[in-house]
Asker: 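Below you will find the structure I want to go over with you.
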Amino acid sequence: MDMTEEKQRFLTYIDQLNTGSQHTHQAYERDVNDFIAFLQREGITSFDDVDRIVVMNYIADLRLRMGQMGQMKNTSIARKLSSLRSLYRYLNEYIGMQENPFLYVKSPKISRRIPEFLFYDEMETFLSGFDMNDPVGLRNRAMFEIMYACGLRVSEVVALQIDDIDFSDQVLHITGKGDKQRIVPFYDLAKEILARYLHEVREAWMGSEHHRTVFINQRGKGLTSRGVQYLMQKQADALAMPIHIHPHMFRHSFATHLLDNGADLRLVQELLGHSSLSTTQIYVHVSQDRLKRVYEQAHPRAKQNG
């Protein structure tokens, strides 16, 4: 069996594990194809002939590669190595290959990036800048208001269904990553704007459509994640905000603002739908970083040098 055939069997196995996720399939395929291309350049024609030295040479090759953003990042190298570890685990278990040359190769250390977020006054500027008498403006305000109110991922807001909204209890029922369910409350203003959008705009735009997707375009079709990103940056540009805005900043802002105002870390973890508390703890560092900046700007002795 050649490397291409073994790769295809591995990808079929990955599809079964991930219920046919196209994104996951493509990521693994890119990583394995890249490795096969490297092996072929080295004159290696079988996964069985790869040893630790070949793997170290591959990592060195990755580090030397230059892209549009400069050298390949540790995160990209770590992802490729993770994909190839999975490939060899599959080859060991299902194809009978004896060795896994990636088993004891450490991935490069990845420093955790501090999430980007908006300060409260920036969020207020952004949300209050929509024309609520314009149907598109009302739709956008309702969508971004609920994203901030509930800390939604962009994938969650575009997938939101009418039946996910409980107006009487003022909560959303969210299905997040890995089909994990969570319930998130929303405040009165978000309720008011969302209800107005559904009544005044969505009903008029639905036409002959019969789906239950909440946020739609003027043809009655659901919005895409890319469309939400475009609308968000368009608003930021219209307001001359001097920052690049992306949807996840609203989720980061939601978590940071809650912690800044005394919310318990475990509560924020639950509202975000994080499996691990360590994932949520990065927002504590954001708040501490913010505290230090304010302190250094405000305390008269902190301003002195030396």
Side-chain angles (χ1 to χ4, degrees), residues 1-116 153-155 177-178 225-226 229 244 246-249 251-252 274-276 278-279 281-282 285-286:
M1 197 186 307
D2 66 13
M3 290 192 290
T4 303
E5 189 176 345
E6 286 172 336
K7 177 194 74 176
Q8 288 307 134
R9 289 195 177 193
F10 169 64
L11 292 174
T12 301
Y13 166 74
I14 288 296
D15 288 344
Q16 291 166 350
L17 280 185
N18 293 280
T19 59
S21 165
Q22 191 63 27
H23 177 76
T24 302
H25 179 103
Q26 289 171 349
Y28 274 105
E29 186 168 25
R30 275 195 306 273
D31 292 341
V32 177
N33 281 344
D34 184 75
F35 186 55
I36 290 174
F38 169 79
L39 295 180
Q40 289 171 340
R41 290 196 300 273
E42 297 291 306
I44 298 169
T45 57
S46 169
F47 287 130
D48 228 344
D49 294 334
V50 176
D51 59 18
R52 186 181 171 85
I53 300 299
V54 173
V55 172
M56 299 311 290
N57 286 339
Y58 177 60
I59 294 171
D61 180 76
L62 292 176
R63 290 197 179 283
L64 289 171
R65 291 189 201 175
M66 299 293 285
Q68 290 181 325
M69 305 299 288
Q71 278 189 311
M72 185 174 288
K73 293 179 180 176
N74 281 352
T75 47
S76 300
I77 295 173
R79 195 205 67 243
K80 286 181 181 294
L81 296 182
S82 175
S83 296
L84 295 169
R85 266 191 216 99
S86 298
L87 167 68
Y88 271 88
R89 275 198 297 268
Y90 169 80
L91 294 173
N92 293 157
E93 192 166 344
Y94 294 99
I95 306 297
M97 197 171 287
Q98 296 300 307
E99 301 299 323
N100 184 344
F102 285 89
L103 196 57
Y104 300 109
V105 175
K106 286 187 175 180
S107 292
K109 190 171 182 182
I110 301 167
S111 59
R112 298 187 73 179
R113 288 174 58 196
I114 298 295
E116 298 174 289
R153 299 177 177 95
V154 66
S155 58
K177 284 185 177 178
S225 296
R226 186 167 290 186
Q229 162 74 70
H244 172 69
H246 56 83
H248 225 60
M249 285 175 82
R251 185 166 160 86
H252 296 328
H274 286 161
S275 302
S276 166
S278 64
T279 312
Q281 279 175 324
I282 194 164
H285 302 314
V286 171

Asker: Would you list the atom pairs, donor with acceptor, under 3.5 Å between side chains in residues 87-94 and any protein atom, with sequence neighbours excluded?
Answerer:
unit_1 : atom_1 : unit_2 : atom_2 : d
Y88    : OH     : F47    : O      : 2.7
R89    : NH2    : S86    : OG     : 3.3
N92    : ND2    : Y88    : O      : 3.4
N92    : ND2    : M97    : O      : 2.9
N92    : ND2    : E99    : O      : 2.9

Asker: Of the non-hydrogen atoms in D49 and V54, which two are nearest, and what is the gap between them?
Answerer: O-CG2, 4.4 Å
Asker: May I ask you to decide if the ring planes of F38 and F35 are parallel, tilted or perpendicular, using 30° and 60° as cut-offs?
Answerer: parallel
Asker: With rounding to the nearest 0.5 angstrom, report the CG to OH distance, L11 to Y28.
Answerer: 10.0 Å
Asker: Can you tell me how far apart CD1 (I95) and OH (Y13) are? Round to the nearest 0.5 Å.
Answerer: 11.0 Å
Asker: Looking at CE of M249 and NE2 of H246, how far apart are the two atoms once the value is rounded to the nearest 0.5 Å?
Answerer: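 Rounded to the nearest 0.5 Å, the CE-NE2 separation comes out at 5.0 Å.
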Asker: Does T12 reach the main-chain N or O of Q8 with its side chain, forming a donor-acceptor pair under 3.5 Å?
Answerer: yes
Asker: Only pairs at least two apart or in different chains count here, so list each salt bridge (charged side-chain N to carboxylate O under 4.0 Å, His left out) that has a residue in residues 22-45.
Answerer: D31-R79, D31-K80, D34-R65, D34-K80, R41-D61
Asker: Starting at CZ of R63, measure out to CD1 of I77 and round the result to the nearest 0.5 Å.
Answerer: 4.5 Å
Asker: Are any non-hydrogen side-chain atoms of M3 and L39 less than 4.5 angstrom apart?
Answerer: yes
Asker: Hey, mind stepping through D2 and T45 against side chain to side chain contact (heavy atoms under 4.5 Å, CB included) and telling me if it holds?
Answerer: CA-CA 8 Å; D2 66 13; T45 57; over 6 Å; no
Asker: According to the salt bridge (charged side-chain N to carboxylate O under 4.0 Å, His left out) rule, which pairs have a member within residues 3-14, sequence neighbours left out?
Answerer: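 Those involving residues 3-14 are E5-R9.
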Asker: With rounding to the nearest 0.5 angstrom, report the CZ to CZ distance, R153 to R251.
Answerer: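 These two atoms lie 4.0 Å from each other.
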Asker: Taking P101's backbone N and O only, do any of them form a donor-acceptor pair with R52's side chain (distance below 3.5 Å, no angle check)?
Answerer: no
